[in-house]
2 protein chains.
Amino acid sequence: MTVTERKERQRAEREQLFLDKAAELIATDGILQLQMAPLAKACDYATGTLYQHFSSKEDLLVALVGRNSCHQLRFFQGISALPISSREKMLAICVAENINQQHNPSHAGLEQYVFTEVVWQNASAARRQTILANSKPLADLVSGIVQQAIDNKELPAHNCDAFALSVAPWALCVGSNTLEQTEGLLEAFGGNKDPLQRYRHLHMLLNGMQWQPLIDLNDRALLAEQIQRLETLLKPWFSSCNAD
Amino acid sequence: MTVTERKERQRAEREQLFLDKAAELIATDGILQLQMAPLAKACDYATGTLYQHFSSKEDLLVALVGRNSCHQLRFFQGISALPISSREKMLAICVAENINQQHNPSHAGLEQYVFTEVVWQNASAARRQTILANSKPLADLVSGIVQQAIDNKELPAHNCDAFALSVAPWALCVGSNTLEQTEGLLEAFGGNKDPLQRYRHLHMLLNGMQWQPLIDLNDRALLAEQIQRLETLLKPWFSSCNAD
DNA sequence: TCAATTTTTGAATTGGATTCATAATCACCC
DNA sequence: GGGTGATTATGAATCCAATTCAAAAATTGA
């Protein structure tokens with residue numbers, strides 16, 4: 001059925017167009033300002049057409065986050081293959097997320113918003129299913145790094161499976177994002193302006209997991225150098241992942 | 001001005017009524033279903049009256065979270081005074097948050113929602129200011145526990161101030177909540193049904209911070225016993241804090 | 001008791017998401 | 001090439017709930 005295939009492809013292309021434009025509008029005006037009718041108009045389609053792709057505005061937002069996680073997957077796969085220690089890979093994942101957020105500042109806020117009950121429940125079940133399925137390889141990849149560390153005896157299993165262990169750094173990253181994202185929060189409590197702080201905290205956690213090699217938490221220069229090195233390593237690769 | 005005072009008091013009482021009823025409606029029907037007009041009606045006031053207290057629906061939601069953090073403060077102050085080690089106090093804070101969430105399941109979701117850009121920016125600046133000011137003593141209290149640990153040489157300062165250190169467990173708790181909150185997320189990746197997992201992760205972090213006494217992460221029975229003990233200790237105190 | 005002032009009221013307005021009857025396009029067949 | 005039924009796109013109309021605001025009610029002070 002070559003006709004059906006073509007239609008399907010065109011449909012998929014249009015969906016990408018909608019998502020591209022939505023991302024663009026969000027980047028310039030903020031999530032708050034995103035409206036369905038103007039978005040459709042900006043893509044030269046009618047409002048109704050937009051609704052043939054997304055069952056609701058929330059559904060579109062979830063789709064947007066889902067697409068980003070596909071990009072992240074390729075990016076993260078590259079990290080997994082890097083010739084660095086398993087512990088550094090885990091750190092690199094975190095650095096990668098940060099690069100991604102610097103490249104697209106509204107994304108962090110969008111992600112936080114999308115996993116909110118209000119938005120999540122208003123997206124279609126199919127869309128939720130899709131984003132979970134898309135994210136699975138990502139979670140597996142991180143679990144894989146943990147498993148590798150366990151197999152290499154760099155990390156004791158602590159009676160947990162690799163996924164359960166991988167949740168700890170994941171939660172820490174998510175939490176750090178949330179706190180930094182909320183405007184005025186950290187400032188109101190005690191001026192946290194150090195962008196390396198989250199990495200210091202992550203290292204604390206990794207040390208606590210006994211993930212070898214342990215690092216000296218007092219050595220700020222070492223941490224700065226390490227993050228600098230990872231960023232330099234990752235940024236070109238990030239650009240190449242986003243070039244298509 | 002006794003007249004002005006009385007008016008002010010009545011106004012404050014009405015505000016509490018609105019908040020109580022809103023919490024009740026959210027608890028039964030979910031955040032999604034909360035509507036301003038029915039809420040006002042349920043309190044036997046006109047819609048417009050509601051808007052004399054809250055500049056928008058988002059403003060009301062932020063107020064709701066703010067009020068809860070006042071309750072938490074008294075609860076946490078009790079913890080701070082408990083005759084247990086500083087490390088256990090930090091753990092107890094986390095347990096306390098969980099008790100609070102079990103007692104009021106919609107609260108975790110609400111909190112996540114409220115600190116979202118979309119909601120946060122739609123609340124009035126005054127309200128944001130209030131919640132930050134209300135939360136400050138809470139943050140100070142936690143920082144105080146950290147400081148106490150440093151002073152007692154139970155915790156090395158790692159070149160950071162107490163607040164910066166306290167952000168690490170805070171972020172981990174926030175992140176754990178977010179992940180658990182998102183329906184289907186952890187289930188889709190690898191069945192995490194262990195309610196103690198978050199505490200195990202916290203202990204990993206605290207071990208990594210070198211917060212004495214270090215605990216054996218493999219000893220599940222010990223962890224279960226410790227959490228059990230803290231819950232038993234905290235629950236009566238929680239009830240007495242919510243009894244007024 | 002009355003007039004000025006403050007507060008409350010809830011119907012009307014508004015903004016924007018979503019729908020759906022109609023029009024256009026397409027795929028297929030003669 | 002044109003006719004036909006099926007599929008898809010359109011955007012004005014609908015709907016829903018947040019928000020406003022002119023009028024009514026209550027309060028205050030004289």
Side-chain angles (χ1 to χ4, degrees), chain A residues 1-18 21-22 25-26 29-64 113-114 116 118-127, chain B residues 1-15 17-18 21-22 25-26 29-64 113-114 116 118-124 126-127:
Chain A
M1 276 291 167
T2 193
V3 172
T4 314
E5 275 172 4
R6 175 172 49 78
K7 278 193 171 184
E8 198 40 58
R9 189 177 54 253
Q10 288 180 339
R11 199 186 140 78
E13 276 166 16
R14 194 171 59 183
E15 187 151 319
Q16 291 309 309
L17 171 64
F18 282 139
K21 190 60 90 172
L25 289 178
I26 288 177
D29 307 331
I31 309 174
L32 252 129
Q33 309 301 326
L34 186 72
Q35 286 167 231
M36 295 302 264
L39 169 60
K41 192 61 54 78
C43 298
D44 291 314
Y45 282 101
T47 314
T49 308
L50 194 47
Y51 278 88
Q52 302 211 315
H53 291 265
F54 309 104
S55 71
S56 67
K57 185 176 172 175
E58 285 76 21
D59 200 52
L60 181 141
L61 295 177
V62 173
L64 212 41
Y113 187 49
V114 152
T116 263
V118 173
V119 178
W120 190 244
Q121 297 296 340
N122 261 351
S124 65
R127 188 74 60 184
Chain B
M1 277 292 166
T2 192
V3 172
T4 314
E5 278 173 1
R6 176 172 48 80
K7 279 193 170 183
E8 199 40 58
R9 190 177 54 252
Q10 287 180 336
R11 200 188 138 76
E13 276 166 15
R14 193 171 59 182
E15 187 150 318
L17 171 65
F18 283 140
K21 191 59 92 172
L25 289 177
I26 288 176
D29 306 333
I31 308 173
L32 252 128
Q33 310 300 326
L34 185 73
Q35 285 166 230
M36 296 301 265
L39 169 60
K41 191 62 53 80
C43 298
D44 291 314
Y45 282 101
T47 315
T49 308
L50 194 47
Y51 279 89
Q52 302 212 318
H53 292 265
F54 309 103
S55 69
S56 66
K57 184 176 173 176
E58 286 75 21
D59 200 51
L60 180 141
L61 295 177
V62 174
L64 212 41
Y113 188 50
V114 153
T116 262
V118 173
V119 177
W120 190 244
Q121 297 297 339
N122 262 352
S124 66
R127 188 73 61 183

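We name chains A, B, ... by the order of the sequence lines, and we start the count at 1 in each one. Note: hydrogens, waters and symmetry copies are ignored here, and every other heavy atom, side chains too, is used.
Rounded to an integer number of Å, the gap from CG of A:Leu39 to P of C:dG16 is 14 Å. In this entry the distance linking CE of B:Met36 with C1' of D:dT20 reads 13 Å, nearest Å. Rounded to an integer number of Å, the gap from B:Gln33 CD to D:dA18 P is 11 Å. Here C:dT19 presents its C1' atom at 9 Å from OH of A:Tyr51, a figure rounded to the nearest Å. Note: CZ (A:Arg11) to P (D:dT8) measures 8 Å, nearest angstrom. Atom NZ in B:Lys41 sits roughly 14 Å away from atom P in D:dA17 (whole-Å rounding). As rounded to whole Å, 15 Å separates atom C1' of C:dG15 from atom CG of A:Leu34. Taking atom CG of residue A:Leu60 and atom P of nucleotide C:dG16, one finds them 17 Å apart after rounding to whole Å.
Using the six-membered ring where Trp is involved, B:Tyr113 and A:Tyr113 have ring planes that are parallel, under 30° apart on the 30 and 60° scheme.
For the atom pair CG (A:Leu39) and CZ (A:Phe18), the distance works out to 7.0 Å, reported to the nearest 0.5 Å.
Counting only distance, with no hydrogens or angles, the side chain of A:Ser124 and the backbone of A:Arg127 share a donor-acceptor pair below 3.5 Å. At least one donor-acceptor pair closer than 3.5 Å links the side chain of B:Ser56 to the backbone N or O of B:Asn122.
By the 4.5 Å heavy-atom criterion applied to side chains, A:Leu50 and A:Leu60 are counted as neighbours.
For B:Thr49 and A:Lys57, each mapped to the nucleotide of DNA chain C holding its nearest heavy atom, the one lying further toward the 5' end belongs to B:Thr49.
Applying the 4.0 Å criterion to OP1 and OP2 of D:dA9, one finds that A:Gln52 has a side-chain N or O inside that range.
Here the nucleotide nearest the side chain of B:Gln35, chosen from D:dA17, C:dT9, C:dT19, is D:dA17. Picking from D:dA18, C:dA17, D:dG11 the nucleotide with the shortest atom distance to the side chain of A:Ala46 gives D:dG11. Relative to the side chain of A:Thr47, the nucleotides D:dT20, C:dT19, D:dA17 differ in distance, and C:dT19 lies closest. Between C:dT19, D:dT27, D:dT8, one nucleotide has an atom nearer to the side chain of A:Lys7 than all others, and that is D:dT8.
Nucleic acid contact class of B:Leu50 (heavy atoms, under 4.0 Å, all strands): none.
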